[in-house]
Amino acid sequence: MSSLSDRFDPEKIEKPLYQAWLDSGAFKPDPKSTKKPFTLIMPPPNVTGVLHIGHALTMTIEDVIVRHRRMQGFNTLWVPGTDHAGIATQMVVERDIQKKENKTKHDLGREEFLKRVWAWKEESQGTILSQLRTIGCSADWSRLAFTLDEGPAKAVRETFFRLYKDGLVSKETAMIQWCPRCRTALSDLEVKFGEQNGHLWKIRYRLKKDPSQALIVATTRPETLLADTAVAIHPDDERFEAFRGQEVIVPLVDRVIPIIQDTYVDREFGTGALKITPGHDPNDYEIGKKHKLPLLQLFDDQAAINETGGKYKGLTREAARKKIVQDLTDQGLLEGETAHRHNVGQCDRCKTNVEPRVSQQWFVDAAVLAAPAIEAVETGKIKILPKEWEKTYFEWMRNIRPWCVSRQLWWGHRIPVWYCGKCAETIVAVDDPTVCPKCQAKELVQDPDVLDTWFSSGLWPFSTLGWPDKTLDLKTFYPTNVMETGFDILFFWVARMIMLGLRMTGEVPFHTVYLHPMVRDEYGQKMSKTKGNVKDPLEIIQVQGADSLRMYFCLNAYHGRDVRVTESGLEGSRNFVNKLWNAARFVLMRFEGVSKEHIKREDPFNQWIWTALQETKQEVSTALAEYRFYEAAQLLYHFTWDTYCSRFIEITKAPEQMAWRQAEKDSTALQVLEELLRLLHPIMPFVTEEIWGKLPVKPESKLLINAPFPVMDPKRVFKEGKEQVEGLFAVVDAIRTQRGIYDISPALEMTAVVVGAEKVIAFLREQAGLLKSMARLSVVEFKEALPDRKSYVMVAPRPGVQVFLVRKELGEVEIALEKMKKDAAALKQAIDRARIKLASPDFVSNAPAEVVAGVKDQCADMESKFRTIETYLKENA
RNA sequence: GGGCGCCUAGCUCAGUUGGUUAGAGCGCUGCCUUCACACGGCAGAGGUCACAGGUUCGAGUCCUGUGGCGCCCACCA
């Protein structure tokens, strides 16, 4: 057995250990195994670049889940993958080419541009995969998937085909959100609204009948007046009595349009008159349809004015606005201009203001798919955790609108639709058609558009397992168990996986959705490159190792909305890894050569640590089962540091103990460590595996990753041992506290007298040596009674046991008396509260018996303690 | 406009169905270079649980209202 190095050096151990896991085949489950399967599909990171700290959180939690399940004996599969991320990746590559070559994608052409994106993807994916390994992800790399791979592509086509056949995807002309920079349609979810400073302009629309009169219309977008096809007023608005049924002249273009009446108009806003531009505003579009107004398309795909705009043709939106305001002013048609803050939609990816636009797009009838998806969550077939998110899910699903899935991009799954050049037939097929099934013509043109990235992501839980083929993987590992991801993509992704999963496979894609919080900086700010507050997980790992970052996430990922990453917190988890390392180092050094067989019987100290371990195991397994990783981590942190290190190991150090119990207790120290390593392994795989490798006794498995996760053993719960040892600690703590109060140096000699009935103090007497070393006493005496109490200072650690310290050894006794008085007062208050409770017939008759009994016991304890202090204070008054 | 969440120690947050004297980490104070660890040890201080009502034998926990903060959805030009 070689020992552990003095200092824990994560950089040195992590790579070889990861390789050892890989080599052992631990990550790769056998689909033919008879063990119960457990499946988790990794949310595929976008191949836009490198992983950020949010990914690190995701991967940590998922790896904890997966390692825990694997150790529990499940046939565990974690499928890794990456996402082509259509619009996002296309944009970063465009930017890259722009920066390096000053070219646009149109300069390169579709084919060449796609070549560049694939090259980008290769590099980015490589980086991402190596980062995942650095974090410690125990995913099955043999099943690595990419959303544009052949398998997932087949799934995409099959799905599109089936939806088309069932009338659930169709080509429609509709108003959609358009990004003029990306030059593509967007789904509603891809548009983010934010407040912007703008203006409200009041413009004169002269009456056709009497141009000296005018209707004054308020708008934030004067440039769209070029495509106005009506002006609307509220039917009940008396102010506009004279205007009803009239026509007005659109300024600058002199087109005559009607004044319509619609209750949609808000009389309070602006002037009460609203210009209607059905081509460029979703609400106007609806009004236009209702009133059968003509629709004018004013902008081209880059939001520049087209021929509809006459002399304004070619101007951008922004330039046109300026020019039109100027022209209106010049012609005396501008009535006013006020500052106005309002919400404007932006492209989620490139932050360009979107332009609502009418165009032909493919739409999925989401409402039909949503119905069973809602039911699956209502009936509990799918559980969403934390539960609060279910309501959000229902809210969105019940108000779902058609999902625009076509994108005018180049990077993505080509829509499997062809048009016949001869008879214009639309052909939707899984395999590329060669002739038109209607007219046999060979001039077929594929739809140039690609699908929304989330369309292929929506199939991910089963497309990665081989669907639509009936593969063994699919049979064994589907439906999957858990979908673990951030709440920010509940609608984008989770909802769509549920809808498409149910529709395509007839089964829920997963049984549980666990939504983790978002990573923020220490001030609660979102991390972003522009703010400069981004923390690179790889940098943290390089400095302090993967384990401490993982432990940090587990300790801090509460069920809230965000997890803040702070320097001091990271330091804390680093210290914890160090603590474990050193404890292991000490135990291994001290107890080298000890074997398991030395255990003969359980002494109270062993009983106590075993009991504490069983309690911890019980609580940890409950916490993990309920996805409360923070709780599991905290329990283990506390057990390791406070119970195992600060108490148990310290006990083993006492020289008086060593003489007669060394071999036995040493062996317990090792065995508890061994279980502790298994408990900590899912959270901190590297350091635990490294220590595991040095254990003299490895009962279960050569590699910790394959060792069984500890389960609570009721046979190792010992009430007496636990109580005895806790009683001893109470005495030790009380003396230590006095030492603190009196500022007595640990070097100073102290004498303690333990007073109590022999029965009660027998164990303390037996452990006199330990008591002395733990409380740093020079002398300890045991007595049934103490006659000359005045020369002592009393501490009352437990009912029935009093501990006295020699007065003259303490110096200023008044400090202690003051403190005792304070304690007594607090105690008195608590006793009074308890007595009032116990005296109330309502409490005694209504509260459960065990609560009443608990209060009674506690009250008795407090009273006995209080009496002791009172008596002592009186004696010393 | 609709919805969700938060307000507990100086800071960041736990606190499961209401039930013993409300917890942790960090920070702070004092003492300690004790033979695993100063990335350490021992001890300590610090909270009217945002506020106001209510339900209950009993409220940090449930209900109503008020104030403050955050997020999501919808997008009145």
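Lettering of chains follows the sequences in order, A, B, ..., and the numbering in each one begins at 1. Atoms considered below: every heavy atom in the structure, side chains included; atoms not considered: hydrogens, waters and symmetry mates.
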Novice: Can you list everything that forms a ring-ring contact (aromatic ring centres under 6.0 Å, His included) with A/Phe269? Sequence neighbours excluded, please.
Specialist: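 In terms of ring-ring contact (aromatic ring centres under 6.0 Å, His included), with neighbours along the sequence ignored, A/Phe269 is linked to A/His340.
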Novice: Mapping A/Ala847 and A/Gly560 onto RNA chain B by nearest heavy atom, which one lands closer to the 5' end?
Specialist: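 Per heavy-atom nearest nucleotide, the more 5' residue is A/Gly560.
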Novice: A/Thr392 near the nucleic acid: base, sugar-phosphate alone, or nothing, with a heavy-atom cut-off under 4.0 Å?
Specialist: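 Nothing, no nucleic acid heavy atom in range.
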Novice: Checking all strands, does A/Pro848 fall into the base, sugar-phosphate, or nothing category for heavy-atom contacts under 4.0 angstrom?
Specialist: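 Since a base atom lies under 4.0 Å of A/Pro848, the category is base.
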Novice: Could you give the distance separating B/rA45 and B/rC31 at their C1' atoms, to the nearest angstrom?
Specialist: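 It comes out at 15 Å once rounded to the nearest Å.
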Novice: I want to verify a distance call: between B/rU34, B/rU21, B/rG41, whose nearest atom is closest to the A/Lys579 side chain?
Specialist: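 Out of B/rU34, B/rU21, B/rG41, the nucleotide with an atom closest to A/Lys579's side chain is B/rG41.
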Novice: 5'-most contact on RNA chain B: A/Arg7 or A/Asp642, nearest heavy atom basis?
Specialist: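 Upstream on the strand: A/Asp642.
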Novice: Per the atom types in the model, does the base of B/rC4 pair as donor or acceptor with the side chain of A/Lys391 at under 3.5 Å?
Specialist: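 Such a pair does not exist between side chain and base.
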Novice: Regarding A/Lys535 and A/Glu567, does a basic nitrogen lie under 4.0 Å from an acidic carboxylate oxygen?
Specialist: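 Salt bridge present between A/Lys535 and A/Glu567.
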Novice: Where do A/Val672 and A/Phe648 land on the side chain to side chain contact (heavy atoms under 4.5 Å, CB included) test, with the steps shown first?
Specialist: CA-CA 10 Å; A/Val672 172; A/Phe648 190 73; 5.6 Å; no
Novice: Rounding to a whole Å, what distance do you find between A/Lys837:NZ and B/rG58:P?
Specialist: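 In whole Å, B/rG58 P lies 10 Å from A/Lys837 NZ.
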Novice: Mind checking the P distance from B/rA77 to B/rG68? Whole angstroms is fine.
Specialist: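 One P to the other, the span is 25 Å.
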Novice: Please report, rounded to the nearest Å, how far the C1' atom of B/rC4 is from the NZ atom of A/Lys387.
Specialist: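 Atom NZ in A/Lys387 sits about 15 Å away from atom C1' in B/rC4.
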Novice: Which listed nucleotide (B/rU16, B/rA36, B/rG19) is nearest to the side chain of A/Met589?
Specialist: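 Closest nucleotide among those given: B/rA36.
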Novice: For RNA chain B, list all stems, counting runs of three or more consecutive pairs where every pair is Watson-Crick or G-U wobble with both distances under 3.5 Å.
Specialist: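 Expected stems, ordered by start: B:1-7 with B:67-73, B:10-13 with B:23-26, B:28-32 with B:40-44, B:50-54 with B:62-66.
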Novice: B/rC35 C1' sits how many Å from A/Phe586 CZ, rounded?
Specialist: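 After rounding, the reported distance stands at 9 Å.
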Novice: Using nucleotides 42-48 of chain B, report all nitrogen or oxygen pairs with the protein that are shorter than 3.5 Å.
Specialist:
unit_1 : atom_1 : unit_2   : atom_2 : d
B/rC42 : O3'    : A/Arg736 : NH1    : 3.4

Novice: For A/Gly854, report the nucleic acid contact type (base, sugar-phosphate, nothing); a contact means any heavy atom under 4.0 Å.
Specialist: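 Base, at least one base atom sits under 4.0 Å.
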Novice: Would you check, one step at a time, whether the test side chain to side chain contact (heavy atoms under 4.5 Å, CB included) holds for A/Met774 with A/Phe729?
Specialist: CA-CA 9 Å; A/Met774 285 188 88; A/Phe729 288 157; 3.9 Å; yes
Novice: Consider the side chain of A/Arg776, meaning its heavy atoms from C-beta on, and name the nucleotide among B/rA36, B/rA77, B/rU34 that approaches it most closely.
Specialist: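 Nucleotide nearest to A/Arg776's side chain: B/rU34.
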Novice: In terms of side-chain heavy atoms of A/Tyr637, which of B/rU12, B/rC72, B/rG25 is nearest?
Specialist: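 Output: B/rG25.
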Novice: Shortest non-hydrogen contact from A/Gln177 to A/Pro356?
Specialist: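 In this case the closest contact between A/Gln177 and A/Pro356 is OE1-CG, 4.2 Å.
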Novice: OP1 or OP2 of B/rG15 versus the side-chain N and O atoms of A/Tyr630: is any pair under 4.0 Å?
Specialist: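 For A/Tyr630, the contact criterion (side-chain N or O under 4.0 Å from OP1 or OP2 of B/rG15) is met.
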Novice: To the nearest Å, give me how far apart CG (A/Asn578) and C1' (B/rG40) are.
Specialist: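 Checked: the CG to C1' distance equals 9 Å.
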Novice: Say we look at B/rC11 and B/rG18: how far apart would their C1' atoms be, to the nearest angstrom?
Specialist: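 To the nearest whole Å, 30 Å.
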Novice: Tell me: OH of A/Tyr558 to C1' of B/rG23, nearest whole Å?
Specialist: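 Computing the A/Tyr558:OH to B/rG23:C1' distance gives 11 Å.
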Novice: Passes side chain to side chain contact (heavy atoms under 4.5 Å, CB included), A/Ser573 versus A/Gln544? Steps please.
Specialist: CA-CA 9 Å; A/Ser573 55; A/Gln544 58 184 70; 4.2 Å; yes
Novice: Checking A/Lys653 against A/Phe586: charged group under 6.0 Å from the ring centre and within 45 degrees of the axis?
Specialist: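 Yes, A/Lys653 and A/Phe586 form such a contact.
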Novice: Salt-bridge test for A/Glu388 and A/Arg561: reply yes if a basic N is under 4.0 Å from a carboxylate O, no otherwise.
Specialist: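 The answer is no: the pair does not qualify as a salt bridge.
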Novice: For B/rG54 versus B/rU12, give the span between their P atoms, rounded off to a whole number of Å.
Specialist: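 Each nucleotide's P atom is 33 Å from the other's.
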Novice: Write down the distance between CD (A/Glu286) and C1' (B/rC75), rounded to a whole number of angstrom.
Specialist: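 Taking atom C1' of B/rC75 as the reference, CD of A/Glu286 is at 14 Å.
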Novice: Identify which nucleotide among B/rA36, B/rG19, B/rC71 has an atom closest to any side-chain atom of A/Arg561, counting heavy atoms from C-beta outward.
Specialist: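 Shortest atom-to-atom distance from the side chain points to B/rC71.
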Novice: Quick one: which of B/rA77, B/rA36, B/rC13 gets closest to the side chain of A/Arg564?
Specialist: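 My answer, after comparing the listed nucleotides, is B/rC13.
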Novice: Taking only the side-chain heavy atoms of A/Phe843 (C-beta and beyond), determine which of B/rA74, B/rC57, B/rA77 contains the nearest atom.
Specialist: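 The listed nucleotide nearest to A/Phe843's side chain is B/rC57.
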Novice: Holding to ring-ring contact (aromatic ring centres under 6.0 Å, His included), I want the full list of residues that pass it with A/Tyr205, two or more places apart in sequence or in another chain.
Specialist: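 Residues passing ring-ring contact (aromatic ring centres under 6.0 Å, His included) with A/Tyr205: none at all.
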Novice: B/rG58 and B/rA22: how far apart are their C1' atoms, nearest whole angstrom?
Specialist: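 To the nearest whole Å, 16 Å.
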Novice: Taking the C1' atom of each, how far is B/rC69 from B/rG40, in whole Å?
Specialist: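 Pairwise C1' distance, B/rC69 against B/rG40, rounds to 39 Å.
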Novice: When rounded to the nearest 0.5 angstrom, what is the spacing between CG in A/Leu215 and CD1 in A/Ile259?
Specialist: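 Rounded to the nearest 0.5 Å, the CG-CD1 separation comes out at 5.0 Å.
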Novice: Can you tell me the distance, in whole Å, between the CG atom of A/Asp562 and the P atom of B/rC6?
Specialist: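 Between P of B/rC6 and CG of A/Asp562: 12 Å.
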Novice: Are A/Lys192 and B/rC73 close enough that a side-chain N or O sits under 4.0 Å from OP1 or OP2?
Specialist: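 Result: yes.
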Novice: In whole angstrom, give the distance that lies between atom CG of A/Leu385 and atom P of B/rG5.
Specialist: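 Atom CG in A/Leu385 sits about 15 Å away from atom P in B/rG5.
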Novice: Scan A/Arg585 against the nucleic acid and name what it touches under 4.0 Å (heavy atoms): base, sugar-phosphate only, or nothing.
Specialist: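 Since only primed, P, OP1 and OP2 atoms lie under 4.0 Å of A/Arg585, the category is sugar-phosphate.
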Novice: Please report whether the ring centroid of A/Tyr630 lies less than 6.0 Å from that of A/His559.
Specialist: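 Distance test on ring centres: under 6.0 Å, yes.
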Novice: For B/rA24 versus B/rC49, give the span between their C1' atoms, rounded off to a whole number of Å.
Specialist: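 Looking at atom C1' only, B/rA24 and B/rC49 are 16 Å apart.
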Novice: Can you name the atoms? Protein N/O to nucleotides 59-64 of chain B N/O, anything below 3.5 Å, with the distance.
Specialist:
none

Novice: Taking ring-ring contact (aromatic ring centres under 6.0 Å, His included) as the definition, give me every residue that meets it alongside A/Phe629, ordered by chain and number, with sequence neighbours left out.
Specialist: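 With sequence neighbours excluded, A/Phe629 shows a ring-ring contact (aromatic ring centres under 6.0 Å, His included) to A/Tyr514, given in chain and number order.
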Novice: Taking OP1 and OP2 of B/rA77, is either one under 4.0 Å from a side-chain nitrogen or oxygen of A/Arg221?
Specialist: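 It does not, given that no N or O in the side chain of A/Arg221 lies less than 4.0 Å from OP1 or OP2 of B/rA77.
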Novice: Which atoms form the tightest heavy-atom contact between A/Met175 and A/His280, and what is the distance?
Specialist: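 Answer, listing the atom of A/Met175 first, then A/His280: CE-N, 3.9 Å.
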Novice: Are the ring centres of A/Trp641 and A/Tyr637 closer than 6.0 Å?
Specialist: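 So the answer is yes for these two rings.
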Novice: Hey, mind stepping through A/Thr277 and A/Arg221 against side chain to side chain contact (heavy atoms under 4.5 Å, CB included) and telling me if it holds?
Specialist: CA-CA 10 Å; A/Thr277 322; A/Arg221 298 200 60 191; over 6 Å; no
Novice: So if I take every side-chain heavy atom of A/Arg401 and compare against B/rA74, B/rA77, B/rU21, which nucleotide ends up nearest?
Specialist: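 Nucleotide nearest to A/Arg401's side chain: B/rA74.
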Novice: Considering only side-chain heavy atoms of A/Ser840, which listed nucleotide, B/rU21, B/rA77, B/rC57, is closest?
Specialist: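 My answer, after comparing the listed nucleotides, is B/rC57.
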Novice: Kindly say if A/Asn575 contacts the phosphate of B/rC37, meaning a side-chain N or O under 4.0 Å from OP1 or OP2.
Specialist: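 No, no such contact exists.
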Novice: Considering only the P atoms, how many Å lie between B/rU8 and B/rG3, rounded to the nearest integer?
Specialist: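 Result for the P pair: 25 Å, nearest Å.
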